[in-house]
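Throughout, a chain's letter reflects where its sequence line sits, starting with A, and its residues are numbered from 1. Please read all numbers here as calculations on a predicted model, not as lab measurements.
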Number of protein chains: 2
Amino acid sequence: MGRTFSKKEKLLQIAARHFSKHGYEGVSLDAIAKEVGITKAAIYYHFKDKDALYEAVLLFRLENLIAHIKASITAQNPEEKLRQYIESFGAFLEDYPCFAAILAHEFADNGKHMSEKAVQTLAQTLGTLTAILNEGIEKDIFTIQNPFAVQLMIVSSFVLHQTTAGLRKRVAHYVQEHAVTPEPDIKDLAKTLATKIIKAIRKAQ
Amino acid sequence: MGRTFSKKEKLLQIAARHFSKHGYEGVSLDAIAKEVGITKAAIYYHFKDKDALYEAVLLFRLENLIAHIKASITAQNPEEKLRQYIESFGAFLEDYPCFAAILAHEFADNGKHMSEKAVQTLAQTLGTLTAILNEGIEKDIFTIQNPFAVQLMIVSSFVLHQTTAGLRKRVAHYVQEHAVTPEPDIKDLAKTLATKIIKAIRKAQ
DNA sequence: GTATACTTACTTAACGACAGGTAAGGACGA
DNA sequence: TCGTCCTTACCTGTCGTTAAGTAAGTATAC
């Protein structure tokens, strides 16, 4: 039983795709409206302006993200928690590739279009990671880490993995030494990344 | 003895800054021209169109980059080569932060504005890395790696480190658990990243 | 039950600002 | 005088945004 979407939901969904493909500046409300099947002015009935539409798109998924991550961390020991953190991050970005691309655009222009609330929500993911790392350090499992550096490796790898698939294909075409290893999907990448990061920060026994 | 710059050089330099800050779509030629101190029409004397200007900016730095990396790799053993690769990549992006931001924008929209020539040049960096990894695998120093995954970790970490400094500062403000560890500069990050990656892919002795 | 008042969810049409791009011409050094 | 390096003036299209209007639905009063 496929549920029916209201025009507003359809608008948000299509807007997300447009913002993900072209970035804030590259998106025109005309184009969105046309695809939704309404007029541009109708967007202004639902949202104050372009900024508010973007904010709605971004905040919705950001809040999803932190809920998803928090729900995924069920383990007791820090190492397993860290693995769950990394893998749930990857799984979420796989499920919402548009969101990954929107994040990539946001990172590229230094969060220019992110409201304080959006930044605050994003900060919660980093807070969660920091707590895990601190616990690991206290229990003498991890070496001391800068949480920002670890977060950077995780988030940037996932986000750019999701967004640069087409570019990588073009690049691969020119790499002579490149044996045609199959491109790992994001779930494989998550596992690889988790293993690598844990290996890299774990205290030598 | 400060050399004098031609208008064209000044134009390229300022264009790079604009493209790095706002991305291709967000940049207006009027704004660039104004800052250079010429009129928009003068840009069309030097370049065919907006695309050609962007291409010139991007290709120039890309060619710099591969020259810089190749010149930096002087070691004999793969492990040291890999370290040099990573550190020279980081050093280059530190010297040209505008270039890092342009790359970030390009990654965010999947290389939409990259010409085949630009892609080809970018591919050379990946080719260099692949050769190093293959040598390490042959000599039984590294475990088998997907070069794309390793390149992804290196490039994405550096690029987003350079571009998201302001955003990270905003995020840090909301992270309660965050002890105010000083933000590592990119050279520290390069060392950390090199150590981590080598630790992660090196064969256990 | 039906007239009235009001809300919801849009459309049509237009606004001013500004985008990329161009044709024509002028200043100036060799 | 000829090419180089620009400027002035302008065109066309598209942008975000708004005002005004409207068909359909809902709530209330009698």
Side-chain angles (χ1 to χ4, degrees), chain A residues 3-60 101-102 105-106 108-109 111-115 118, chain B residues 3-60 101-102 105-106 108-109 111-115 118:
Chain A
R3 68 173 283 242
T4 63
F5 291 96
S6 72
K7 278 277 157 73
K8 189 174 177 179
E9 279 171 314
K10 200 176 170 189
L11 169 58
L12 279 169
Q13 210 175 292
I14 288 172
R17 238 198 17 251
H18 280 245
F19 284 124
S20 79
K21 277 199 183 135
H22 313 290
Y24 185 85
E25 266 97 10
V27 162
S28 98
L29 299 183
D30 280 305
I32 294 174
K34 193 174 177 189
E35 198 177 328
V36 177
I38 55 176
T39 59
K40 183 171 55 173
I43 296 177
Y44 284 83
Y45 171 75
H46 294 289
F47 298 96
K48 184 179 153 282
D49 52 19
K50 189 183 181 181
D51 237 84
L53 171 62
Y54 181 75
E55 167 86 355
V57 167
L58 180 62
L59 255 180
F60 179 65
I102 290 172
H105 278 108
E106 216 47 76
D109 53 19
K112 202 199 296 181
H113 305 286
M114 285 182 79
S115 65
Chain B
R3 69 173 282 241
T4 64
F5 290 96
S6 72
K7 278 276 158 71
K8 189 173 178 180
E9 279 171 314
K10 198 175 170 190
L11 169 59
L12 278 167
Q13 210 176 292
I14 289 173
R17 237 198 18 251
H18 278 246
F19 283 124
S20 79
K21 275 199 185 134
H22 312 290
Y24 184 86
E25 265 98 9
V27 162
S28 100
L29 299 183
D30 281 306
I32 294 175
K34 193 174 176 187
E35 199 178 326
V36 177
I38 54 176
T39 58
K40 182 173 57 174
I43 296 178
Y44 284 84
Y45 171 73
H46 292 290
F47 298 96
K48 186 178 152 284
D49 52 18
K50 188 182 183 182
D51 237 83
L53 172 61
Y54 180 74
E55 168 85 355
V57 167
L58 181 61
L59 256 180
F60 179 65
I102 290 173
H105 277 108
E106 216 47 73
D109 53 20
K112 201 199 298 180
H113 306 287
M114 284 180 80
S115 65

Collect all protein-nucleotide pairs involving nucleotides 23-26 of chain D in which both atoms are nitrogen or oxygen and the distance is under 3.5 Å.
none

Listed pairs, N/O of protein and of nucleotides 15-22 of chain D, under 3.5 Å:
| residue | atom | partner | partner atom | Å |
| --- | --- | --- | --- | --- |
| dC15(D) | OP1 | Ser28(A) | OG | 3.3 |
| dC15(D) | OP2 | Asp30(A) | OD2 | 3.2 |
| dG16(D) | OP1 | Val27(A) | O | 2.9 |
| dG16(D) | OP1 | Lys50(A) | NZ | 2.8 |
| dG16(D) | OP2 | Leu29(A) | N | 3.0 |
| dG16(D) | N7 | Lys40(A) | NZ | 2.8 |
| dT17(D) | OP2 | Tyr44(A) | OH | 2.6 |
| dT17(D) | OP2 | Lys50(A) | N | 3.0 |
| dT17(D) | O5' | Tyr44(A) | OH | 3.2 |
| dT17(D) | O4 | Lys40(A) | NZ | 3.3 |

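Atom CG of Leu11(B) and atom C1' of dT7(D) are 16 Å apart (whole Å). Distance NE2 (His46(A)) to C1' (dT8(C)): 9 Å, rounded to an integer number of Å. The distance from atom CZ of Phe47(A) to atom P of dC10(C) is 12 Å, rounded to the nearest whole Å. One atom, CD1 of Ile32(B), and another, P of dG20(C), lie 8 Å apart when rounded to the nearest Å. Rounded to an integer number of Å, the gap from His22(B) NE2 to dA19(C) P is 11 Å. At whole-Å resolution of the value, NZ in Lys10(A) and C1' in dA9(C) are 15 Å apart. The distance from atom NZ of Lys34(A) to atom C1' of dT11(C) is 17 Å, rounded to the nearest whole Å.
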Next on the checklist: I'd like to know whether Leu53(B) forms a side-chain contact (heavy atoms from CB on, under 4.5 Å) with Leu29(B), so could you lay out the CA-CA distance, the side-chain angles of the two residues, the decisive distance to 0.1 Å, and finally the verdict.
Outcome noted: CA-CA 10 Å; Leu53(B) 172 61; Leu29(B) 299 183; 4.1 Å; yes
Item to check | Working for side-chain contact (heavy atoms from CB on, under 4.5 Å), residues Asp51(B) and Glu55(B) | outcome: CA-CA 6 Å; Asp51(B) 237 83; Glu55(B) 168 85 355; 5.8 Å; no
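Taking every heavy atom of both residues into account, Leu12(B) and Ala56(B) meet most closely at CD2-CB, 3.9 Å. Of all the heavy atoms in Ile43(B) and Ala33(B), the pair that sits closest is CD1-CB, 4.0 Å. The shortest heavy-atom contact between Ala101(B) and Ser20(B) is CB-O, 3.4 Å. Heavy-atom minimum distance, Lys21(A) versus Lys112(B): O-NZ, 3.4 Å.
In this structure, Tyr45(B) reaches the dC5(D) phosphate: one of its side-chain N or O atoms is under 4.0 Å from OP1 or OP2.
A donor-acceptor pair under 3.5 Å is formed between the side chain of Lys50(B) and the backbone N or O of Val27(B).
Classified by interplanar angle (parallel below 30°, tilted 30° to 60°, perpendicular above 60°), the ring pair Tyr54(B)/Phe19(B) is perpendicular.
For the pair Lys8(B) and Phe47(B), the cation sits on the ring face: its NZ or CZ lies under 6.0 Å from the ring centre, inside 45° of the axis.
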